[in-house]
Amino acid sequence: MLLAAAHAHGSGIQPAAPPSPTKRRGCCYTRRERGLSAVRAVMARPHQDVVAAPPPASRNMVTAAPPSPPPPVRETTTTVYRDNWFDKLAIGYLSRNLQEASGLKNGKDGYEGLIEAALAISGLFRVDQQWQTVATALERAFPSYILTMIKVMMPPSRFSREYFAAFTTIFFPWLVGPCEVRESEVDGRKEKNVVYVPKCRFLESTNCVGMCTNLCKIPCQKFIQDSLGTAVYMSPNFEDMSCEMIFGQQPPEDDPALKQPCFRTKCKPAPRHLNRSNQISN
């Protein structure tokens with residue numbers, strides 16, 4: 001071997017050089033290539049801010065819960081009414097009859113006096129007594145002979161239903177607020193027998209579901225049925241305080257209005273009930 005190498009050297013023949021690293025696809029070039037690729041990938045990434053991690057929480061540290069979102073705010077705008085001479089006359093007349101029927105007098109005038117009389121009845125009487133008191137007040141307000149004449153001359157028909165609906169929109173906005181006549185289907189035909197109240201004045205003034213049902217809805221349905229001979233279904237919407245009076249339709253046995261909870265925080269008779277129960281307990 002040594003002789004061969006010496007001979008080769010002497011003859012000018014250079015020994016074969018070791019293979020170049022670039023021709024080997026082994027560990028040497030591959031590792032270097034991978035390292036350069038990784039460096040290029042890191043340098044090509046967009047600049048990112050390094051955020052320091054929060055310190056570990058102590059065992060005795062109390063973490064506050066995130067605040068809950070506020071509840072939706074219900075619209076509290078109150079409608080302003082400008083009663084004319086006829087409105088004031090009708091309001092005072094019904095208020096006096098309601099006070100006489102209940103035996104509870106108040107010295108307030110206008111619609112405020114009517115609401116005060118209704119509040120007193122709701123706070124002191126049982127539910128059945130409330131119905132009877134309103135029925136008595138309506139009988140005092142409308143002479144019996146006029147009601148009997150209307151009942152005889154206008155039996156249940158399309159004409160009477162539409163007449164009562166139109167009469168209500170003309171002569172009773174002082175009690176329930178502005179209203180309009182709408183159509184509904186009766187026996188497959190369209191009739192203008194519905195009174196739509198966009199926002200009931202009585203419900204808005206009392207903010208009480210119980211007063212709506214016990215001092216308006218139920219006694220009025222019964223009074224119109226018994227005195228005028230025409231069925232009527234009053235369907236209040238306690239979300240927007242609107243109401244529909246559908247002449248010619250019987251109230252359902254399972255009336256959803258009777259299952260509606262009251263407004264609680266906005267209910268005006270609530271403090272009266274509380275004060276009365278405190279007086280009784282003391």
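Quick caveat: nothing in here was measured; it's all calculated off a predicted structure.
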Taking salt bridge (charged side-chain N to carboxylate O under 4.0 Å, His left out) as the definition, give me every residue that meets it alongside K259, ordered by chain and number, with sequence neighbours left out.
D254
Nonpolar side-chain network containing V80, other nodes, edges under 4.5 Å
none
Tell me, please, which residues at least two apart from K151 pass salt bridge (charged side-chain N to carboxylate O under 4.0 Å, His left out).
none
Under the salt bridge (Lys or Arg N to Asp or Glu O under 4.0 Å) definition, can you give me all pairs with a residue in residues 117-138, not counting sequence neighbours?
R126-D128
I'd like to check the salt bridge (charged side-chain N to carboxylate O under 4.0 Å, His left out) partners of R201; sequence neighbours left out, ordered by chain and number.
D83
Would the distance check show the side chain of Y111 and the main-chain N or O of I91 forming a donor-acceptor pair, the cut-off being under 3.5 Å?
no
With sequence neighbours excluded, tell me which residues meet side-chain hydrogen bond (donor to acceptor under 3.5 Å, both in side chains) with Q132.
T136
Just distance, no hydrogens or angles: give the donor-acceptor pairs under 3.5 Å from side chains in residues 211-220, sequence neighbours left out.
{"unit_1": "T213", "atom_1": "OG1", "unit_2": "V209", "atom_2": "O", "d": "3.1"}
{"unit_1": "T213", "atom_1": "OG1", "unit_2": "G210", "atom_2": "O", "d": "3.1"}
{"unit_1": "N214", "atom_1": "OD1", "unit_2": "W131", "atom_2": "NE1", "d": "3.4"}
{"unit_1": "N214", "atom_1": "ND2", "unit_2": "G210", "atom_2": "O", "d": "3.1"}
{"unit_1": "K217", "atom_1": "NZ", "unit_2": "Q221", "atom_2": "OE1", "d": "2.9"}
{"unit_1": "K217", "atom_1": "NZ", "unit_2": "M234", "atom_2": "O", "d": "2.5"}
{"unit_1": "K217", "atom_1": "NZ", "unit_2": "D255", "atom_2": "OD2", "d": "2.8"}

Drop me the distance from F142's CZ to I146's CD1, to the nearest 0.5 angstrom.
9.5 Å
Residue pairs passing the salt bridge (Lys or Arg N to Asp or Glu O under 4.0 Å) test with at least one member in residues 152-172, sequence neighbours excluded, are R158-E162, R161-E191
Salt bridge (Lys or Arg N to Asp or Glu O under 4.0 Å) pairs, two or more places apart, involving residues 228-237:
none
I'd like a table of donor-acceptor pairs (distance under 3.5 Å, sequence neighbours excluded) in which one partner is a side-chain atom from residues 167-174, with atom names and distances.
{"unit_1": "T168", "atom_1": "OG1", "unit_2": "F164", "atom_2": "O", "d": "2.8"}
{"unit_1": "T169", "atom_1": "OG1", "unit_2": "A166", "atom_2": "O", "d": "2.7"}
{"unit_1": "W174", "atom_1": "NE1", "unit_2": "F171", "atom_2": "O", "d": "2.7"}

Show every side-chain hydrogen bond (donor to acceptor under 3.5 Å, both in side chains) that has at least one partner inside residues 140-149, sequence neighbours left out.
none
Validation: residues 242-250 side-chain donor-acceptor distances under 3.5 Å, sequence neighbours left out:
{"unit_1": "S242", "atom_1": "OG", "unit_2": "D240", "atom_2": "OD1", "d": "2.8"}
{"unit_1": "S242", "atom_1": "OG", "unit_2": "D240", "atom_2": "OD2", "d": "3.4"}
{"unit_1": "Q250", "atom_1": "NE2", "unit_2": "Q225", "atom_2": "OE1", "d": "3.2"}

